[in-house]
Amino acid sequence: MKITMIGTGYVGLVSGTCLAEVGNHVLCLDTDAGKIARLQQGEVPIFEPGLEAMVRRNMAAGRLSFTTDVKAAAEFATMQFIAVGTPPDEDGSADLQYVLAAARGIAQHMTGFRVIVDKSTVPVGTADKVQAEIAATLQRRGSAHPFAVVSNPEFLKEGAAVEDFMRPDRIIVGASNEQAIALMRALYAPFQRNHERLVLTDVRSAELIKYAANAMLATRISFMNEMANLAERLGADIELVRRGIGSDPRIGYDFLYPGCGYGGSCFPKDVKALIRTAAIEAGIEMQVLKAVESANEAQKHVLAGKVRRRFGEDLHGRRFALWGLAFKPNTDDMREAPSRVLVADLLAAGAEIVAYDPVAMDEARRVLGAPSGLQFADSAMQAVEGADALLIATEWKEFRSPDFDTLRSTLRHPVIIDGRNLYDPALVRTLGLEYFPIGR
Ligand SMILES: NC(=O)c1ccc[n+]([C@@H]2O[C@H](COP(=O)([O-])OP(=O)(O)OC[C@H]3O[C@@H](n4cnc5c(N)ncnc54)[C@H](O)[C@@H]3O)[C@@H](O)[C@H]2O)c1
Ligand SMILES: O=c1ccn([C@@H]2O[C@H](COP(=O)(O)OP(=O)(O)O[C@H]3O[C@H](CO)[C@@H](O)[C@H](O)[C@H]3O)[C@@H](O)[C@H]2O)c(=O)[nH]1
């Protein structure tokens, strides 16, 4: 099949490339000319395991190409996917300007029947807005091409995006038009050979499924973070509590890891947007989600609190090594990363920070700028040299088994403050280090 993918960010580029991988011909459109120029050279602007090789392979096979030409993209295919950003508006609701601009672009140039598939995360009712935008644009053009709008939210995780897209748990398709449903079934057939994974719903339910999934996952994390803070005060060990409750299949082990707060481009913005949609569209106060959000805001300050308890309120003259800047491992994404709050807290208290991240340092320099007091190291051990203590904000694999003897002898104080619970407290303490994890 032929597919146009509008937006070449994490979702658009991964989805477009994976759809090309199974034999489709995919044209990716983006308004960012610099990004498209790099992609046309086979250069992938984001760090995502396995993606660059797949992009190059499919470009070489002639199945994947990139353009900034809206007309060419609208003419290219019946299936028009929208995968542009839906960042928070000033009031926290999802900003739909990019989605509606993409819809307008399709409508201005479409030459026949089109299925407009929304892959961006959008509030309930957005498909109706897309429908209205296209109808109005067609009317201005004086043309009457038929079209259908489908909701097909995406559930991939950054750092595992290719794997998630190629092996989805479920494929949500919200649609009512029979021709569109048949095309969606055909398109996703290669991703569900042994199991039926396509869940067909009405459009509004599909739109809400995406927010409900992210809100549920964010709730689990805030719940565990709160439980961890309690365990710490009561002398219990949250890791044992986690295993103890995870063994109940109704709870399960996944996504129960306490830490220094959830970040990324999705949970913070989607929880906020759902709270806003509920209030504005339905007059409902989402009390649980409001608590999830405020618990997470507080959790992002937990590491700085531990630093202050150990080293005092005034951190002038102190230097801290920080391992991990990205909001999670295997990505260079710094959006809403807990490390940003930690860096701001420590710099405000007068400390110096020497940070190291295996892949996110360029992105960190871009988003953090060069505030005085923040430096970057070339390696994890270099960051530790001359530091008063080691702080950990991201659970990269390379941080999991450090040489604790070297750490103890290099740090000015043998202190590790760990926001991701990477180590066995008994072992680390036996080796002569003070260890402050989350909830144990
Ligand atoms: N990042 C994730 O892990 C993830 C996962 C599932 C769903 N989502 C959702 O998918 C959507 C996209 O997220 P993302 O992380 O890929 O965003 P992103 O910011 O990485 O990429 C969006 C891209 O769209 C482009 N764009 C904006 N307006 C355009 C237009 N009119 N025409 C063509 N291109 C345009 C931008 O230049 C950018 O390259 C969001 O709604 C997000 O919530 C994201
Ligand atoms: O047990 C856990 C699991 C995750 N996190 C944190 O939660 C955040 C989000 O992690 P993750 O969900 O792995 O990454 P995302 O790429 O943001 O993916 C989420 O957001 C995407 C965008 O909507 C969805 O598609 C995915 O299904 C959903 O998992 C990160 O800061 C993690 O450190 C925890 O603190 N504890």
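We use all heavy atoms of the structure for the numbers below, so side chains are in, but hydrogens, waters and symmetry mates are not. Counting starts at 1 for both ligands and their atoms, in listed order.
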Which residue and atom name correspond to the protein heavy atom nearest atom 9 (C) of ligand 1, and how close is it?
T121 OG1, 3.4 Å
Just jot down the ligand 2 atoms closer than 4.0 angstrom to any heavy atom of E154, in number order.
25 (O)
Look at atom CE of M216 and say whether more than 12 heavy atoms of other residues, nucleotides or ligands are closer to it than 6.0 Å.
no
Which residue and heavy atom of the protein sit nearest atom 12 (C) of ligand 1, plus the separation
V84 O, 3.4 Å
Are F165 and F155 close enough that their ring centres sit under 6.0 Å apart?
no
Tell me: protein heavy atom nearest atom 21 (O) of ligand 1, and distance?
G9 CA, 3.2 Å
Looking only at protein heavy atoms, identify the closest one to atom 1 (N) of ligand 1 and say how far it is in Å.
E158 OE2, 2.9 Å
Return yes if a side-chain donor-acceptor contact under 3.5 Å exists between N225 and Y262, otherwise no.
no
Run the numbers for me: atoms of ligand 1, each under 4.0 Å from some heavy atom of S265, listed by number.
1 (N)
Protein heavy-atom partner closest to atom 36 (N) of ligand 2 - residue, atom, separation in Å:
Y257 O, 2.8 Å
Using a 4.0 Å cutoff against the non-hydrogen atoms of A83, which atoms of ligand 1 qualify?
12 (C)
Might you confirm whether atom NZ of K35 has over 12 heavy atoms from other residues, nucleotides or ligands at distances under 6.0 Å?
yes
So between L100, V11, D118, whose heavy atom ends up nearest atom 4 (C) of ligand 1?
V11
Would you please determine whether M224 falls within less than 4.0 Å of ligand 2 on a heavy-atom basis?
no
Measure the CG-CZ distance between D237 and R243 for me, rounded to the nearest 0.5 Å.
7.5 Å
Atom 16 (O) of ligand 2 sits nearest the protein heavy atom E158 N, 2.8 Å
May I ask you to list the atoms of ligand 2 that are less than 4.0 angstrom from any heavy atom of K328?
11 (P), 13 (O), 14 (O), 16 (O)
Using heavy-atom distances, let me know which of F327, F155, F255 sits nearest atom 12 (O) of ligand 2.
F255
Does an N or O anywhere in S265 fall below 3.5 Å from an N or O of ligand 2?
no
Would you please say whether a donor-acceptor pair under 3.5 Å links the side chains of R114 and T111?
yes
Atom 31 (O) of ligand 2 [closest protein heavy-atom partner, distance rounded to 0.1 Å]:
G263 N, 2.9 Å
Looking only at protein heavy atoms, which one is nearest to atom 30 (C) of ligand 1, and how far off is it?
T31 CG2, 3.6 Å
D30, any N or O under 3.5 Å of ligand 1 N or O
yes
Between E363 and R366, does at least one N-O distance fall below 4.0 Å, as a salt bridge requires?
yes
Would you check the N or O atoms of I6, main chain and side chain alike, for any that come under 3.5 Å of an N or O of ligand 1?
no
Check: Y423/D418 side-chain N/O donor and acceptor closer than 3.5 Å
no
Answer yes if the side chains of E158 and N330 hold a donor-acceptor pair under 3.5 Å, and no otherwise.
no
More than 12 heavy atoms of other groups within 6.0 Å of Y98 OH:
no
Provide the number and element of each atom of ligand 1 under 4.0 Å from a heavy atom of K269.
42 (C), 43 (O)
Approximate separation, where rounding is to 0.5 Å, of R220 CZ and Y257 OH
10.5 Å
Give me the residue, atom name and distance of the protein heavy atom closest to atom 19 (C) of ligand 2.
F267 CE2, 3.5 Å
So, E154 and Y10: side-chain donor and acceptor under 3.5 Å apart, yes or no?
no
K35-ligand 1 polar pair, N/O distance under 3.5 Å:
yes
Below 4.0 angstrom from a heavy atom of K210, which ligand 2 atoms are there? Numbered from 1 as shown, please.
22 (C), 23 (O), 24 (C), 25 (O)
Test the R365-F376 pair against the cation-pi criterion, namely NZ or CZ under 6.0 angstrom from the six-membered ring centroid and within 45° of the ring axis.
yes
So for ligand 1, is T86 a polar contact partner (N or O within less than 3.5 Å, distance only)?
yes
Do any nitrogen or oxygen atoms of D270 come within less than 3.5 Å of a nitrogen or oxygen of ligand 1?
no
Between K306 and E232 (salt bridge meaning N to carboxylate O under 4.0 Å), is one present in this structure?
yes
Closer than 4.0 angstrom, basic N to acidic O: yes or no for R250 and D248?
yes
Could you find the nearest protein heavy atom to atom 5 (N) of ligand 2 and give me its residue, atom name and distance?
I221 CD1, 3.4 Å
Just jot down the ligand 1 atoms closer than 4.0 angstrom to any heavy atom of L156, in number order.
3 (O), 5 (C)
Tell me: protein heavy atom nearest atom 6 (C) of ligand 1, and distance?
E154 O, 3.2 Å
Are there more than 12 heavy atoms of other residues, nucleotides or ligands under 6.0 Å from atom CD of E52?
yes
Among non-hydrogen protein atoms, atom 25 (O) of ligand 2 lies closest to L156 O, 2.7 Å
Starting from atom 14 (P) of ligand 1, what is the nearest protein heavy atom, named by residue and atom, and what distance separates them?
Y10 N, 4.0 Å
Regarding K129 and E133, does a basic nitrogen lie under 4.0 Å from an acidic carboxylate oxygen?
no
Numbered atoms of ligand 1 (with element) below 4.0 Å of G85, judged on heavy atoms:
22 (C)
Non-hydrogen atoms of K157 versus ligand 1: any pair closer than 4.0 Å?
no
Within-cut-off N or O pair, E395 and ligand 2, under 3.5 Å:
no
For atom 22 (C) of ligand 2, which protein heavy atom lies nearest, and how many Å away is it?
C266 SG, 2.3 Å
Could you tell me, atom by atom, which parts of ligand 2 come under 4.0 Å of a heavy atom of R420?
33 (O), 35 (O)
Does the separation of the ring centres of Y356 and W323 fall below 6.0 angstrom?
no
Ligand 1 to R335, heavy atom cutoff 4.0 Å, flagged ligand atoms 15 (O), 19 (O), 20 (O)
Could you tell me whether the side chains of D91 and S93 share a donor-acceptor contact shorter than 3.5 Å?
yes
Atom 29 (O) of ligand 2 sits nearest the protein heavy atom K157 CG, 3.5 Å
Identify, by atom number and element, the atoms of ligand 2 in contact range of L256, meaning under 4.0 Å from any of its heavy atoms.
1 (O)
Answer yes when E336 and K269 have at least one side-chain N-carboxylate O distance shorter than 4.0 Å, and no when they do not.
no
State plainly whether the residues D333 and K328 are in salt-bridge range, i.e. N to O under 4.0 Å.
no
